[in-house]
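Working notes for the structure below.
Scope of the values below: all heavy atoms of this structure, side chains included, with no hydrogens, waters or symmetry mates. First listed ligand is number 1; within each ligand, the first listed atom is number 1.
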Amino acid sequence: MSLSKKPYKGTRDFFPKDKRALDYIFSVMRKTAFEFGYESYDGPLLEEVDLYRAKSGEELINDQIYNFLDRGNREVAIRPEMTPTVARMVALIHREEAKPIRWFSIPNLMRYEKPQKGRLREHWQFNCDIFGAPEGHGELEILTLVIKLLKNFGANETQFEILINDRRVVDYIIKEKMNLDEERSYKLYKIIDKSKKVSPEALEKMVDELNLDQDAKNVFNKYLAVSSFGDMLHLLKSEGAPQERIEDLVSFSEKLDKLELIKYFRYDPTIVRGLDYYTGMVFEVYDKHPDNRRAISGGGSYSDLLKIFNEAPMPGVGFGLGDVTLKDFLEIHKLLPNFETPENDIFITYQTEKAEIEAIKLANSLREKGLRVVIHFGELKFKKIFGLAEKKGAQWVALMGEDEFNQQKVQIKNLSTRDQKEFSLSDIDSIYSNLK
Ligand code: HAM
């Protein structure tokens, strides 16, 4: 029997050029998190399934989780998301920590999905979460951070937008104005969450199954027609919403305006998020490119997640942004640098076997200076040198033929200008300054 060379369905091998792209993506994520004072953390790959059962929602538990019984009969799962883990970790230490707690992580996660564009079974997800920030402040910071992240990749408001909503507003409409009980509210949330992915007929059919009365249907249709902060305010006022709901929305949109961030946002009533723990603001970052209209990131605020560990409620706000959707976004907007070749400083070659030890010594001395040095083993014919050096991504080539060896010299050639200079092998400082 011969084994398949392909990776497991929906997972990826990262060959060096793919890994260079991923490392670059991670480096921008880390840089951005540090710009905002977020500290790096990580958790285990496996958690007990109950951690997700508590608040992650039926889709994740019923369809997506990779779970199994361990040898001690515990039901465990490969982490499908990071939020329950971070909440668990914060619940362990929050009493000793100054608030707010600002943490980030880039875990690999697994979900049993039908692999397709933007959706795989394993992905890496940048998570930033803030705990214990005063009302509204954490939300604003998390949104500012996600915008800065995309700007740090070179993106602007013509390329992405943030679709935003608030579960307190949705709750008011569904529970207070449509008078739905908990069960039908939950179902309607799931229908709204799916609404963009299904046809208008399919949406109507799903809503019909809830047997709404005519008044409720009217309110729901008005709600779905909202497409701006202004529309939402208008609807809340006309439906007699509490002053607090209205003021929150006004002050939030005013802050976005004053910070010149409003251009990134659009109020979207269909954004409610599939995960059950969100209680306030919810958002998704969307690619604006017509050929890639999909969410790159999603997040929101969750005030009660620590309660599942019998802790007092502490507000959390955060987002997750996956490497798969981000890479698609960067590629379609031509924002991803070329990672075809590695990056090295110098490719050291010798044209006579006798120079082997000199070549290794030179390489080691330059490495001591912090340069990235690749050495070619064995004699290398002159005509092959430059092609190989380019494949190694080197800027410079060192050449040592019979004459150079006899005189203890080395030729250093710049691959782009083709300038060549001769140096004494003992004069490492001059060689190094020439390379810089
Ligand atoms: P989520 O919306 O399930 O949220 O995932 C966030 C992002 O992760 C998505 O927008 C997408 O970029 C990426 N993602 C999710 N599933 C897949 C997949 N199967 N293949 C590729 N990419 C995927 C959460 O996971 C929340 N825990 C985020 C969060 C953090 N909320 C608060 N803090």
Close-contact set for ligand 1 against [X] heavy atoms, below 4.0 Å:
| X | value |
| --- | --- |
| Asn127 | 30 (C) |
| Ser297 | 10 (O) |
| Tyr302 | 32 (C) |
| Glu113 | 16 (N), 18 (C), 19 (N) |
| Gly298 | 10 (O), 28 (C) |

So between Thr85, Thr83, Leu305, whose heavy atom ends up nearest atom 29 (C) of ligand 1?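 It is Thr83 that holds the nearest heavy atom.
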
Counting heavy atoms only, name the option from Glu81, Arg79, Met110 that's nearest to atom 27 (N) of ligand 1.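 Among Glu81, Arg79, Met110, the closest heavy atom to atom 27 (N) of ligand 1 belongs to Glu81.
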
Of all the non-hydrogen atoms in the protein, which one sits nearest to [atom], and at what distance?
| atom | value |
| --- | --- |
| atom 8 (O) of ligand 1 | Gln125 NE2, 2.8 Å |
| atom 21 (C) of ligand 1 | Gly118 O, 3.4 Å |
| atom 13 (C) of ligand 1 | His123 NE2, 3.6 Å |
| atom 33 (N) of ligand 1 | Asp129 OD2, 2.8 Å |
| atom 24 (C) of ligand 1 | Leu275 CD1, 3.5 Å |
| atom 31 (N) of ligand 1 | Tyr278 OH, 2.6 Å |
| atom 28 (C) of ligand 1 | Gly320 N, 3.4 Å |
| atom 11 (C) of ligand 1 | Thr325 OG1, 3.8 Å |

Does this structure show an ion pair linking [X] with [Y], if we count only N-O contacts that are shorter than 4.0 Å?
| X | Y | answer |
| --- | --- | --- |
| Asp257 | Lys263 | no |
| Glu39 | Arg102 | no |
| Arg88 | Glu311 | no |
| Lys327 | Asp323 | no |
| Arg184 | Glu209 | no |
| Arg294 | Asp328 | no |
| Arg79 | Asp42 | yes |
| Glu284 | Arg273 | yes |

Decide if atom NZ of Lys151 counts as having more than 12 heavy atoms of other residues, nucleotides or ligands within a radius under 6.0 Å.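 Open: at most 12 neighbouring heavy atoms sit under 6.0 Å from NZ of Lys151.
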
Atom CZ of Arg367: over 12 foreign heavy atoms under 6.0 Å: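 Result for CZ/Arg367: enclosed.
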
Under 4.0 Å, heavy-atom basis, I'd like to know which part of [X] is in contact with ligand 1: side chain, backbone, both or neither.
| X | result |
| --- | --- |
| Arg119 | both |
| Arg273 | side chain |
| Tyr277 | side chain |
| Phe319 | backbone |

Parallel, tilted or perpendicular: which one describes the rings of Phe36 and Tyr38, with boundaries at 30° and 60°?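 Plane angle over 60°, so perpendicular.
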
Please work out whether the ring planes of Phe14 and Trp124 are parallel, tilted or perpendicular, with thresholds of 30° and 60°.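 If you compare the ring of Phe14 with that of Trp124, the planes turn out perpendicular.
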
Ligand 1 and [X], any nitrogen or oxygen pair closer than 3.5 angstrom?
| X | answer |
| --- | --- |
| Arg111 | yes |
| Gly322 | yes |
| Ile296 | yes |

Is Arg121 positioned over the aromatic face of Tyr112, cation under 6.0 angstrom from the ring centre and no more than 45 degrees off axis?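 Positive - Arg121 is close enough to the ring of Tyr112 and near enough to its axis.
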
Against ligand 1, does Met82 come closer than 4.0 Å with any heavy atom?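 So Met82 does not count as touching ligand 1.
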
Run Arg266 and Glu161 through salt bridge (charged side-chain N to carboxylate O under 4.0 Å, His left out) and show every step you take. CA-CA 7 Å; Arg266 189 147 63 83; Glu161 63 181 342; 3.1 Å; yes

